[in-house]
Every structure is written in structure tokens, then in C-alpha cells.
Amino acid sequence: MSENCADIFDLFIVGGGINGCGIAREAVGRGYSVCLAEMNDLASGTSSGSTKLLHGGLRYLEHYEFRLVREALKEREVLWSIAPHIIWPLRFVLPYHKELRSTWLLRLGLFLYDHLGGRNLLPGTKILNMTDETAAKPLRHSLLKAFEYSDCWVNDARLVVLNARDAADRGARVLVRTKVVSAIRRDGFWQIILEGSGGVLKTVTARFLINATGPWIDQFLAEGIGQRGVHNVRLVQGSHIIVKKLFDHERCYIFQQGDGRIVFAIPYEDDFTLIGTTDREFIADPGTVKISRYEIDYLCNAVNDYFEKKIFANDVVWSYSAVRSLFDDGASKAQEATRDYVLKVECEEGQAPLLNVFGGKITTYRKLSESVLEKIEAFLGKRKEAWTGREPLPGGDFAVTEFEGLVRNLKGQYPFLQNDHARHLARHYGTKAYEILGQAETYDDIGPYFGGQLWACEVTYLVNREWARCAEDILWRRTKQGLRFQPEQVE
């Protein structure tokens, strides 16, 4: 069965990760008509598998990626200002390990990190006195020196969904669980055939096609567009483990490893510690990625080299893995491949343009989107100025210093709310929490209780406003409440 769609869009975006949704938001706000299709759920690939950090990338300085680091450092506070409900500052403790990088190299790197640009509200680096320091208590007693610096936390999957929601509110069409079967150039346009979850085919026309499919980028070029033998990216698997919390403070740790990598240990969802990430070459279907026993052991050993309390594979309560697509610059090791993004336009005279988005990181998605718009403007003409760094994402219309005030106001307007529930709603939805709770006066008014901090009113909102279609969408991408659910509650 097929169904023709008469709509002609300026832009058609393939891929509902952070890059695709960020481009959609930027473009529709500048006056272009936009359609985006994601074959699974929004943020179901790489964009929900990050370490959840907005950071410059301290380690990237060793590879002389100063432009990327500077751009990322400047973006931290920009993104914090437009989404203070899902983004907040963190302090990172970097213990000195005498057998690895020298103190002068760490000092130099942190000095550059503080001064490359963009730090106005975040506090700078300081040296910790480990003989009288709370952050020293979980560490081995031989670690006598440490530095502390700033970066930001981000709820990665929610960042994706909020960009999509804002794009849709401004007129973009967002299609989830919709696969692009093929895209063919015809008469100066793209004819794009879509297959929805029910097997129904639609044809959409667009002037400009954007391939933002992340690790599927070469596969889409081969199967969707017919470009055979393409090899633009190297795929790298990154895995994380979650264990019950290992320390009782809000700071994070960044641990150097003997192989040159670093591993983070970060407070996660109040009761847990997030540990990651790994970097391994990946050659299979990105949709099949899962953590290996080697990676579990690597991450356990990485923190065991620093913490007094040891962890083992049976301490892992959850894990997640994702595949990053890095532009293939010929680097010999996965951890040495550039994390910078590369944009390439393919277009011959009289043809509709195709733009491929290679690489990128969640911290710089907005700058990537602005760079994509520069490419689009060269073909479709300029319409409006860049804007996404000034306008809050849905629910983020309050100052970065006002989060606790939002929680108090929620509890004031809804006195029945338990404190943990109020904080959960504020952290996930910001001022949209009022829309979720509506006219409720008691817990009976917000529907059945499912478990954790999840009530029916929130599920209804996620289905109606955030494209959630199944339990996994809700429990693991939109809310992370799956950590607290028993199998019968999931059912």
C-alpha cells in the first residue's frame, strides 16, 4: 500500500539524533520548511549513549584539537542557559598519578581549559589538599595530589527530544519509527520514499537532503541513495556501566589510564555511579551493539586502580553501549580519531543537494547546526539569522540560578507533591511540569502509579507530546526510571 504526500519541503533530514534534531530546530526557526524522519525512537542510537557531559574534552588538547575544544568550552554555558532543567554544572576531581601524565602537563592542560574561552559562570580550576578533603576519602591513600575543574552534565536523550519538540512546535514535521527506504534525485528535487511502522509507504519531496544518520551514514548512502563502496567513517563502540553509588558527595572523578584514555565516575540518578567510557573499533550493525565482558572488566579495573572500595562485574546494575561515527581521518587508534565534525555537500549542476554530517559530539551540536545552515543558505538563500543560542528549549524558560526556586514553586502550587517527585518533574520538564500536573489537587488526580517517580500523567504527556511509543522509550530514554522498576512494573 502506498500513499503520496503532496508536501514539498525545503529540507528533509534523515536521523533523529542530536544532530538531526538540532538542525531541524535551527532551520525551521530561520524560516525553512522541514521534515525529519527517524527509523526508531528519537535519541535511540548514539545520542542516548553518551557519558552525559557537556565538556570541552580535556584529552583532546593532547591531539591539538584547539578549535574543537574552544568551541565546546564556549557552548557549555550557552546550552546551560537555554536548558537549565536538564543541564547543570559539575566539579571534576582529577587525581595525579605519578606514573602517567606529569603535573606540569596537567597544569598546562587545565590552564588552557580555563582560558580558551566561554567560562563566565563556571568556577575555574583549583588544586586540592588531599589530606583534608572530602573528595579524597573514597580514593587510595597514596593519591596525595589532585586538581578540580568544571564541566556540565546533560540529560542527553531529553536534549534531543526537546530540540525535536521545539522544532515541531515551530512547524517542522517530525516522524518517528519511519524509515527512509530510498531517496532519488528527480527534476531538481529529492523524491523520498518513507515506510512507517505499519508498512505504509509515503513519498515526500524536498529541495535539500541531509544525511544525519550517525553510525548508519555509510549504510544509508549505500542502501538509500545507491552509492556503493563508500567508506567515510570509522565506527567506535563506547560502553558505560552503572553501579550502586561509590561515594557520598556530588563531585565527579576523572581517572587517567595507562593506555592514555580517561574514565569518568559520576553521581547518577541519586543512588548510583556512572562509569565510562570505552573506545573500541566496531564493525557490525550499530543496532546490535552491546557491552562486552572485556569492557565491563576494563571499567571496573579502571576505577579499582583509584578507589579503596573495589567493584566487580556482579556489581553492575545496568549498562549501555552506543556506536559513535568518527570521520575517518586515518588515525591509527580509536581514541586518536578526531571528534570534530565534518560537513560535505554533494551536488552537481542542476541536481538537488545532499549534505552528509560526519562525526560531531553532543556539546557542539548547536554549532554544527549553524554550520549546516550556512551550507543550506548557499543553495536555498538566506532567510533569518542564527537564533537557537538565545531561545530556551521547552521548559527551560528560567535562569540557571532559579532551579531550586522552581522546585519550591511546584511544591507550593501542588502541596501534595513529595519532594523527590517534585525534583524529578522539575529536572526532566522544567516549567512544563505545570502542564503535566494540570489542575491536580491530590495524587489521585494524576492517575495510576507505575513505580519509581512515574505516574500516569507523565506517561500521558510523553506519549502525546514527546513521541513515546513503548515502555523502553519512557523508562530508559525519557525518564531513566527503568533503574528502579521491577519486571512486573515494566509490563
Side-chain angles (χ1 to χ4, degrees), residues 48-53 90-95 97 100 130 133-143 146 151 153-157 236-280 282 288-323 335 420 424 427 451-454 471-472 475-477 479-490:
S48 60
S50 76
T51 313
K52 328 291 184 197
L53 298 179
L90 296 172
R91 293 290 281 174
F92 287 80
V93 176
L94 170 57
H97 194 303
L100 301 175
M130 300 298 276
E133 172 57 55
T134 302
K137 292 179 180 178
L139 298 172
R140 288 192 293 109
H141 300 314
S142 59
L143 298 168
D151 266 323
W153 174 267
V154 60
N155 188 324
D156 52 6
V236 177
Q237 174 176 339
S239 297
H240 298 76
I241 58 174
I242 311 295
V243 298
K244 291 184 178 178
K245 70 178 181 179
L246 299 175
F247 45 89
D248 290 318
H249 58 78
E250 292 304 311
R251 282 177 284 183
C252 312
Y253 294 93
I254 173 173
F255 296 142
Q256 303 177 76
Q257 302 301 306
D259 59 4
R261 288 199 41 73
I262 53 92
V263 168
F264 293 101
I266 304 170
Y268 188 65
E269 295 292 318
D270 297 325
D271 302 317
F272 305 92
T273 299
L274 168 66
I275 299 167
T277 181
T278 59
D279 256 337
R280 303 182 71 198
F282 186 83
T288 66
V289 66
K290 63 180 181 179
I291 196 168
S292 66
R293 180 56 190 259
Y294 167 82
E295 289 175 297
I296 293 174
D297 291 341
Y298 175 89
L299 293 173
C300 289
N301 292 335
V303 297
N304 287 345
D305 196 34
Y306 287 84
F307 284 139
E308 285 284 358
K309 181 180 179 180
K310 308 305 180 188
I311 60 168
F312 303 96
N314 58 4
D315 293 311
V316 176
V317 298
W318 185 52
S319 65
Y320 64 91
S321 301
V323 177
Q335 62 259 38
D420 287 349
H424 163 82
R427 267 292 171 228
Q453 297 296 336
L454 195 62
E472 182 182 354
L475 294 178
W476 293 113
R477 282 183 285 277
T479 73
K480 301 298 187 293
Q481 290 299 299
L483 283 166
R484 295 179 169 85
F485 267 54
Q486 300 301 316
E488 60 272 15
Q489 292 175 307
V490 174

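In this chain, numbering begins with 1 at the start of the sequence shown.
- Each of Tyr253, Tyr306, Phe272 was compared with Phe247 under the ring-ring contact (aromatic ring centres under 6.0 Å, His included) criterion, and only Tyr253 meets it.
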Legend entry - Residue pair Tyr268, Trp153: steps toward the side chain to side chain contact (heavy atoms under 4.5 Å, CB included) verdict: CA-CA 10 Å; Tyr268 188 65; Trp153 174 267; 3.5 Å; yes
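- Judged by distance alone, the side chain of Asp315 and the main-chain N or O of Phe312 form a donor-acceptor pair under 3.5 Å.
- Environment of CD in Glu250: sparse, with no more than 12 heavy atoms of neighbouring residues, nucleotides or ligands closer than 6.0 Å.
- Using a 4.5 Å heavy-atom cutoff, the side chains of Met130 and Leu139 are in contact.
- One N or O on the side chain of Gln481 and one on the backbone of Gln453 form a donor-acceptor pair closer than 3.5 Å.
- When side chains are defined from C-beta on, Phe264 does not count as touching Leu274, because their heavy atoms never get closer than 4.5 Å.
- Minimum interatomic distance between Val289 and Ala322 (heavy atoms only, all atoms of both residues): CG1-CA, 4.2 Å.
- In this structure, CD1 in Ile291 is found 10.5 Å from CZ in Arg293, a value given to the nearest 0.5 Å.
- Between Phe485 and Gly452, the shortest heavy-atom contact is CE1-N, 3.8 Å.
- Distance alone, capped at 3.5 Å, is enough to place a donor-acceptor pair between the Glu133 side chain and the Ala135 backbone.
- Between the side chain of Gln237 and the main chain of Lys290, a donor-acceptor pair closer than 3.5 Å is present.
- Of the candidates Leu299, Ile275, Val317, Ile275 is the only one forming a side-chain contact (heavy atoms from CB on, under 4.5 Å) with Val243.
- With Tyr320 as the aromatic partner, Lys52 meets the cation-pi criteria of under 6.0 angstrom to the ring centre and within 45 degrees of the ring axis.
- Contact record, Cys300 with Ala313: SG-N, 4.0 Å, taken as the closest heavy-atom pair.
- Atom CZ in Arg251 sits 15.0 Å away from atom CD1 in Ile266 (nearest 0.5 Å).
- From His424, atom NE2 reaches atom CG of Asp270 across 11.0 Å, with rounding to the nearest 0.5 Å.
- Side chains of Val490 and Leu475 form a contact here, defined as non-hydrogen atoms less than 4.5 Å apart.
- Expressed to the nearest 0.5 Å, how far CD of Gln257 lies from OG1 of Thr278 amounts to 11.5 Å.
- For the pair Trp476/Trp318, a side-chain contact is recorded, criterion being any heavy-atom separation below 4.5 Å from C-beta on.
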Legend entry - Val263 vs Thr277, side chain to side chain contact (heavy atoms under 4.5 Å, CB included): CA-CA, chis, key distance, verdict: CA-CA 6 Å; Val263 168; Thr277 181; over 6 Å; no
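- Under the 3.5 Å distance criterion, the side-chain polar atoms of Thr273 are matched with a main-chain donor or acceptor of Leu246.
- Ion pairing between a basic and an acidic side chain is recognised when a charged N comes within 4.0 Å of a carboxylate O; Arg484 and Asp271 show such pairing.
- A distance of 9.5 Å separates NZ of Lys310 from CG of Asn301, quoted to the nearest 0.5 Å.
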Inset, instruction - Determine, stepwise, if the pair Asp151 / Leu90 fulfils side chain to side chain contact (heavy atoms under 4.5 Å, CB included). - result: CA-CA 5 Å; Asp151 266 323; Leu90 296 172; 5.7 Å; no
Inset, instruction - Could you give me the CA-CA distance, side-chain angles and deciding distance for Arg261 and Asp279, then say whether salt bridge (Lys or Arg N to Asp or Glu O under 4.0 Å) is met? - result: CA-CA 9 Å; Arg261 288 199 41 73; Asp279 256 337; 2.5 Å; yes
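- For the 3.5 Å distance criterion, the side chains of Ser50 and Asp156 qualify, holding a donor opposite an acceptor.
- Note that the CD1 atom of Ile241 and the OG atom of Ser319 stand 8.5 Å from one another [nearest 0.5 Å].
- Arg280 and Ser239 share no side-chain donor-acceptor pair at under 3.5 Å.
- For His240 and Thr51, the side-chain atoms include at least one donor-acceptor pair closer than 3.5 Å.
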Legend entry - From CA spacing to verdict: side chain to side chain contact (heavy atoms under 4.5 Å, CB included), Val323, Val236: CA-CA 5 Å; Val323 177; Val236 177; over 6 Å; no
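- Annotation: side chain of Asp248 is not in contact with side chain of Lys137 (no heavy-atom distance under 4.5 Å).
- Between Phe255 and Ala302 the shortest heavy-atom distance is CD1-O, 4.4 Å.
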